[in-house]
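Beneath this line is the structure, given in structure tokens, with notes to follow.
Sequential numbering from 1 along the given sequence is applied to the chain's residues.
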Amino acid sequence: MKRSLTVLLSMMLLMSLFLAACSGSSAIKEKGKDTITYAVDQAPEGLFIPGFAGSAIDSQVNDFIHDDLIKVNEKMEYQPHIAKWESDDNITYTFTIEKGIKWHNGEELTMEDWQFALEVIADPDYDGPRYNYVENIKGADEYRKGKADSISGFEIVDPYTAKVTFKEKKVNNLENLWTRPMPKKALEGLAVAELSSSKEVQETPVGLGPFKVKKITPGEYVLLERFDDYWQGKPKLAEVTIKVIDPSLSVGSLENGEVDIMEIRPDDVEQLESVPHIDVKEQEGLGYSYIGFRFGHWDKDKRKAVDDYEKYQDKRLRQAMFYALDREALINAYLAGKATPVDSPIPSVHWIRADDSELTPYHYDKKKAEQLLDQAGYKDMDGDGFREDPGGNKFEIKFGHYAGPSAFEGRAQAIIQNWKDVGLNAKLATGQLVEFNTYNEMKDNDDKELEVFFGAWVVGSDPDPSGLWASTAEWNFGRWVNEESDQLLKEALSDKAFDRDYRKDKYVKWQQLFNDELPALPLWENMDLYGMNQRLHGVVIDATGLRDFHQWYVK
């Protein structure tokens with residue numbers, strides 16, 4: 001009887017999914033030949049001016065709407081784009097932009113728009129995550145502290161020319177400069193503290209990119225239309241709908257044509273490869289997954305991490321937790337084999353990546369994990385099957401994971417079980433997976449429930465990891481503080497670092513330190529996977545993601 005009920009419920013579920021897919025199918029019949037749907041499986045936070053956005057989903061939307069003064073090519077080299085530059089000393093750069101480039105509201109792009117963006121981000125009331133891209137400019141600190149009316153290191157020579165002077169000579173000054181202007185005339189009347197929640201950022205953003213916003217329905221879709229005056233030429237598509245879909249409907253939506261292109265999950269690959277009109281694209285990318293540890297909190301005033309949380313300070317505990325993870329099994333079970341175990345937080349495509357032979361490999365080794373825990377004093381003293389801490393107190397690991405596709409629940413439970421298998425009493429923090437945006441807020445605010453947490457990064461083309469792991473990095477969510485780490489990262493950006501071999505040597509030493517200390521457990525590198533309808537052409541995919549949106553077309 002129970003089995004019959006289960007079958008009936010399963011049939012009802014399948015029918016509901018089928019109906020949902022059919023509903024989408026009828027909608028697709030109304031699409032024009034130059035209209036496509038790009039899907040995402042998480043709702044954007046809704047920050048559609050890049051200076052305020054921090055999530056990967058918002059960035060995907062913003063890439064259609066906005067454009068950068070400089071660009072990165074497929075080899076991750078910085079090249080002129082809207083702007084070109086010259087510098088004799090790597091401290092002062094002179095930038096020039098083309099005349100006649102238009103914002104979506106018809107205003108002309110000038111250097112005042114770039115200056116406006118830098119001063120918004122450096123404003124003490126700014127609540128976005130990008131100050132690290134401005135702080136190296138001379139005078140940014142004084143402006144942020146209210147000691148100056150402008151950033152002294154940014155000088156407008158004429159509407160199309162500006163000089164940027166940095167505090168010091170660094171090998172990656174250019175790579176760490178914020179080069180996305182903001183539309184000054186559309187935003188300047190608003191208080192900086194209110195910008196991120198304003199309709200000008202969340203509902204009616206003005207950009208420079210190939211598509212402009214036509215309509216936004218939060219949590220459902222962003223409808224974009226072609227910007228005829230785009231500076232690189234009229235885009236070939238008339239409209240792009242960026243639609244939020246439930247991850248369980250990804251495959252069906254691609255199959256029935258409701259969706260033309262989207263990033264897909266590894267467990268969708270096999271099914272989609274059998275669909276005649278769908279191409280599956282695999283690309284080695286810049287993303288990796290990790291498990292972080294909580295070491296302290298973020299001091300917002302001093303803009304640095306403070307290590308005042310002791311529970312995970314013993315690196316033997318962290319090393320044991322790494323050896324206890326059967327990453328190959330996790331990858332095969334929950335990522336369809338579409339990932340590679342790693343022992344460094346530097347993506348393999350970056351030239352500074354240490355050779356595997358230079359790092360300790362943390363292959364699954366249950367016995368070694370147990371030995372390390374014994375040596376560190378984590379032993380089962382009361383016979384309940386779980387280890388107490390060295391002081392004899394109950395020891396419980398609260399592991400946080402965000403919600404998403406159904407595989408996330410299984411993956412989180414498998415990780416917890418791996419730790420239980422070596423006698424560590426691990427539990428899911430808050431008792432359940434946490435909604436994605438709420439989870440990000442918890443990390444931002446150092447929520448005590450997230451003492452061990454699953455995370456993933458998609459890093460930029462600049463290989464320097466300081467923005468994620470230095471003690472002054474806001475995105476160093478574990479709040480790891482290590483003087484040797486900070487020193488190596490500093491040396492890797494010094495005057496001597498213009499010697500490529502010297503710079504790589506410092507980064508290799510930093511990776512070896514990270515590999516030994518394990519402030520986080522780098523789990524695996526994710527393969528970037530896309531499902532794409534064969535009617536869509538002109539799409540360029542490389543390690544940095546999708547590009548050349550104005551060249552996309554349908555036939």
Exercise. Would you find a donor on one side and an acceptor on the other, under 3.5 Å apart, between the side chain of Trp552 and the backbone of Leu536?
Worked result: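 Looks like no, no N/O pair under 3.5 Å.
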Check: residues 40-56 side-chain donor-acceptor pairs under 3.5 Å, at least two apart:
from: Asp41; atom 1: OD1; to: Arg265; atom 2: NH2; distance (Å): 3.1
from: Asp41; atom 1: OD2; to: Arg265; atom 2: NE; distance (Å): 2.9
from: Asp41; atom 1: OD2; to: Arg265; atom 2: NH2; distance (Å): 2.8
from: Ser55; atom 1: OG; to: Asp58; atom 2: N; distance (Å): 3.1

Does the plane of the ring in [X] sit parallel, tilted or perpendicular to the ring in [Y]? Use 30° and 60° as the thresholds.
X: Trp475; Y: Trp457; result: tilted
X: His401; Y: Phe399; result: perpendicular
X: Trp85; Y: Phe95; result: tilted
X: Phe549; Y: Phe64; result: tilted

For this session: Could you note down all residue pairs passing salt bridge (charged side-chain N to carboxylate O under 4.0 Å, His left out) where residues 219-231 supplies at least one of them, sequence neighbours left out?
Result: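 For residues 219-231, and leaving out neighbouring residues, the salt bridge (charged side-chain N to carboxylate O under 4.0 Å, His left out) pairs sorted by first residue read Arg226-Asp228.
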Problem set entry | Summary of salt bridge (charged side-chain N to carboxylate O under 4.0 Å, His left out) pairs that have at least one residue in residues 172-185, sequence neighbours excluded |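 Of all non-adjacent pairs touching residues 172-185, those that pass salt bridge (charged side-chain N to carboxylate O under 4.0 Å, His left out) are Asp63-Arg180, Asp68-Arg180, Glu107-Lys185, Glu112-Lys184.
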Exercise. Take atom CD in Glu86; do more than 12 heavy atoms of anything else shown fall under 6.0 Å from it?
Worked result: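 Atom CD in Glu86 is not packed in, count stays at 12 or less.
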Problem set entry | Leu433 side, atom CG; Glu409 side, atom CD - distance, nearest 0.5 Å |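 Interatomic distance, Leu433 CG to Glu409 CD, rounded to 0.5 Å: 4.5 Å.
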Problem set entry | Those residues that, when tested against Glu474, pass salt bridge (Lys or Arg N to Asp or Glu O under 4.0 Å) (two or more places apart) |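 Glu474: salt bridge (Lys or Arg N to Asp or Glu O under 4.0 Å) contacts with Arg303.
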Problem set entry | Heavy-atom closest contact (Leu489 atom, Ser466 atom, distance) |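 Minimum heavy-atom contact is CB-OG, 3.6 Å.
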Atom pairs and distances, side-chain donor-acceptor, residues 267-278, under 3.5 Å, sequence neighbours left out:
from: Ser274; atom 1: OG; to: Gln271; atom 2: O; distance (Å): 2.6
from: His277; atom 1: NE2; to: Leu254; atom 2: O; distance (Å): 3.4
from: His277; atom 1: NE2; to: Glu255; atom 2: O; distance (Å): 2.9

Problem set entry | Listed once per pair and sorted, the side chain to side chain donor-acceptor pair (under 3.5 Å) pairs that draw on residues 325-335, sequence neighbours left out |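 Every pair satisfying side chain to side chain donor-acceptor pair (under 3.5 Å) with a residue in residues 325-335: Arg327-Asp343.
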